[in-house]
Amino acid sequence: MTEHLYNKYVKHMTLEEKVAQLLQLAAPFYDEPGDESEITGPMEELGIGSEAVRNAGSVLGVAGAAKMMAVQKAHLENNRLGIPLLFMADIVHGFKTIFPIPLAIGSSWNPELAEKSAEIAAREAAVSGLHVTFAPMVDLTRDPRWGRVMESTGEDPYLNGVFAEAFVKGFQGDDLAGDHSRVAACVKHFAAYGAAEGGRDYNTVDLSERQLREYYLPAYKAAVDAGAEMVMTSFNIVDGIPATGNRKLLRDLLRTEWGFDGVIISDWASIKEMVAHGAAEDDKEAAFKAIRAGVDIDMMTTSYLHHLPQLVDEGLVDEALIDEAVLRILQLKEKLGLFASPMRGADPVLEKEIVFSAEHRQAARELAEKSTVLLKNEGVLPLRPEQRVAVIGPFASSGDILGWWSWTGSKEHAVKLSDAMRSVIGNPDLITVAEGSGIETITAEQKAAAVSAAEEADVIVLALGEASDMSGEGGSRTNIRLPEAQLELIRAMKGLGKPLVTVLFNGRPLDLHGVYDQADAVLEAWFPGSEGGAALAGLLYGRVNPSGRLTMSFPDSAGQIPVYYNHFNTGRPKPEVEDGNRYISKYIDAPNEPLLPFGFGLSYTTFAYEGLTLSSDTMTASQPLEVKVTLTNTGSVTGTETVQLYVGDISGEVVRPVKELKAFRQIELAPGETTEVAFTIGEEQLRYHHSDLSVTSDSGRFNVYVGANSRDVLSAGFVLLK
């Protein structure tokens, strides 16, 4: 317990005031009149009176320094003990300056730039009055039907952990109390939300504890170890119990085993949703289970507010549990410096100078450049400045390139692709533009206008994809191909017989049938953010060499899902060369392999890997291995290669994935330049969760793989001696 906070505040609070401190309300509650006789809108719908609003501990979604300061000032004038509000929001990939979506940031394989993006997002959010961001989202994602894959960094537990740490450091810095340009990070969604069945949002999750610990928990642990101040519960069940009421998950694992002493917050209304899950008979039982499980803040329900006092009076809940929750919330407010400076970093004057500044936009552009993945190129890219280019498609001049979770961003101020291409070449007459189709509709007039624009062009650039609301929360899809209207547009353009470049704007890996096979080049832009058009124009014209690499596999078809690189081999694995055997683990109508594997990405240059060597053919706990490979830029331009190292355990106490990412390095080389790339592998990197959940390694044979992606690798072997 933090004794001084208890003595100054908690011991003087009524039970009702304590319970209200556990309540989080959304911004509209602070637009309501203060007179209880005039309670309307959301206050009336939830049955919340003015007294509860005056004593609430935190608010969700208030944006803007002036607004925040007005709300905080009014709150402090009305709160009996003068306890300031915490202001929280979903600042996931930027505040006003929108960076690429997290799945794209992961594709940069650049944790330093990820950290920088979080630092800038924190700076803009903090000067605008916010104290906490609901980020990073570190859920492991293997199903692109799930709309929230856009908010993750992909399918690999190690890489997700690297980015989780980077985001937390970027948001929080080293001194939350002294550095008012940072915000507290809230890691989410605890736990295993990314394993929702069928890729359907909010759906059931059913994992063994070993699988949960081995693959899904590591990134959360990395975020907690990096100092994340908050954890948000997930909507799903874990081992049959909703995460928000799961004592084993929250108290036993997160708090006791991992030592997390920060604030746990429910996701929106997830305490109340235990009733719908069938894990609580009513709101009262839901409140009972959530507080006992260790949830400190009830986001946007009255389960705690209306029922915790009664549960205490009935002797079902010890008031000490509520005191602990209140103290954790007060401790976070103290860490943020709110008792000494309730307005903290909010500053309407600085807000105008800092938010969406040229410096921040340049950082967003750089990350968009490095997040874009070249998926295919048959000699069409880069474009030449003298070429006549038809830019066609629903994203040719669209500002809907920010993606989900960009609620304070401006589509109007986003750099459009066609505008940026004209700016790059300096001759707007060489660029013609036609919409061609809508996202999901196409008319004869649109198609005719596109054909007319393309007929005089040397190259066609198709700007296609999903609307931003086709992914994100609630954005699950069973058909992850481009809408038929856009596929029809591709066919019409292909019929003109001209070089065809497709730029994709989307929030998930897509089934690229009708795209990948038709286009001569494919550039995966994801939702690239505020400076997306500028970044893409530079990439298309070769001012920037693509260096992004996929962090989720692109399926050959949705029927393969889940398809991911670190899978098990099965007892009847498919051979590398088909032998006609029906009785092996395969599809009869599709390949087992994804269209594009984890780690994949092309460049305007080429790289050669040669001479993979190990320092020894054996390893011990005290003697790690050094792995070396020779890398050469065999092309004509400078480029950046992401050298990836994987390990495969040949025989484990439980079956092991065919390979697992253990390290990576980004190397920039000039044309013809050669370098030796070295890695060190230690015994601790070979450990995993055994059947009894102990974490150790097994003696025996291992393979090391080094290459450009999870598929195209050199290999060597060693033996671990124990």
Asks: Do Gln666 and Thr642 get their side chains close enough for a donor-acceptor pair, meaning under 3.5 Å?
Replies: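 The answer is yes; a qualifying pair exists.
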
Asks: What residue among Arg361, Arg365, Glu124 forms side chain to side chain donor-acceptor pair (under 3.5 Å) with Thr97?
Replies: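 The passing option is Glu124.
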
Asks: Say whether Asp400 and Ser468, considering side chains only, have a donor N or O and an acceptor N or O under 3.5 Å apart.
Replies: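 The answer is yes; a qualifying pair exists.
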
Asks: Taking atom CZ of Arg182 and atom CZ of Arg344, what is their separation to the nearest 0.5 Å?
Replies: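 It is 10.5 Å, given to the nearest 0.5 Å.
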
Asks: Under 4.0 Å between a Lys/Arg side-chain N and an Asp/Glu carboxylate O for Glu351 and Lys96?
Replies: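 Here Glu351 does not pair with Lys96 in a salt bridge, since their nearest N and O are not under 4.0 Å apart.
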
Asks: Whether Glu641 and Arg665 form a salt bridge (side-chain N of Lys/Arg under 4.0 Å from carboxylate O of Asp/Glu) is what I want to check.
Replies: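 Not counted as a salt bridge, because no side-chain N and carboxylate O are separated by less than 4.0 Å.
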
Asks: State, to 0.1 Å, how close Leu103 and Thr153 come at their nearest heavy-atom pair, and which atoms those are.
Replies: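 So the minimum-distance heavy-atom pair works out to CD1-C, 4.2 Å.
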
Asks: Quick test of your reading of the model: are Arg148 and Glu473 salt-bridged, counting only N-O distances below 4.0 Å?
Replies: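 Answer for the salt bridge query: yes.
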
Asks: Nearest 0.5 Å please: distance from the CE atom of Met552 over to the CG atom of Leu596.
Replies: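 Separation between the atoms: 13.0 Å.
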
Asks: Would you check, one step at a time, whether the test side-chain hydrogen bond (donor to acceptor under 3.5 Å, both in side chains) holds for Asp156 with Tyr564?
Replies: CA-CA 9 Å; Asp156 183 75; Tyr564 48 94; over 6 Å; no

Asks: Establish, yes or no, whether a centroid distance under 6.0 Å links the rings of Tyr193 and Trp146.
Replies: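 Ring-ring flag for Tyr193/Trp146: true, centres closer than 6.0 Å.
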
Asks: Return yes if some donor-acceptor pair links the side-chain N/O of Asp296 with the main-chain N/O of Ile264 below 3.5 Å, else return no.
Replies: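 Yes, the answer is positive, given that a donor and an acceptor are paired below the 3.5 Å cut-off.
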
Asks: Would you say the rings of Phe95 and Phe356 are close, in the sense that their centroids are separated by under 6.0 Å?
Replies: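 No - the distance between ring centres of Phe356 and Phe95 does not fall below the 6.0 Å cut-off.
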
Asks: State whether Phe260 and Arg255 meet the cation-pi test: NZ (Lys) or CZ (Arg) under 6.0 Å from the six-membered ring centroid, and within 45° of the perpendicular axis.
Replies: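 Not flagged: Arg255 not positioned over aromatic ring of Phe260.
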
Asks: Do Phe99 and Trp405 have ring centroids that are under 6.0 Å from one another?
Replies: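 They do not qualify: ring centres at least 6.0 Å apart.
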
Asks: Walk me through whether Trp526 and Phe505 qualify under ring-ring contact (aromatic ring centres under 6.0 Å, His included).
Replies: CA-CA 5 Å; Trp526 310 107; Phe505 298 85; over 10 Å; no

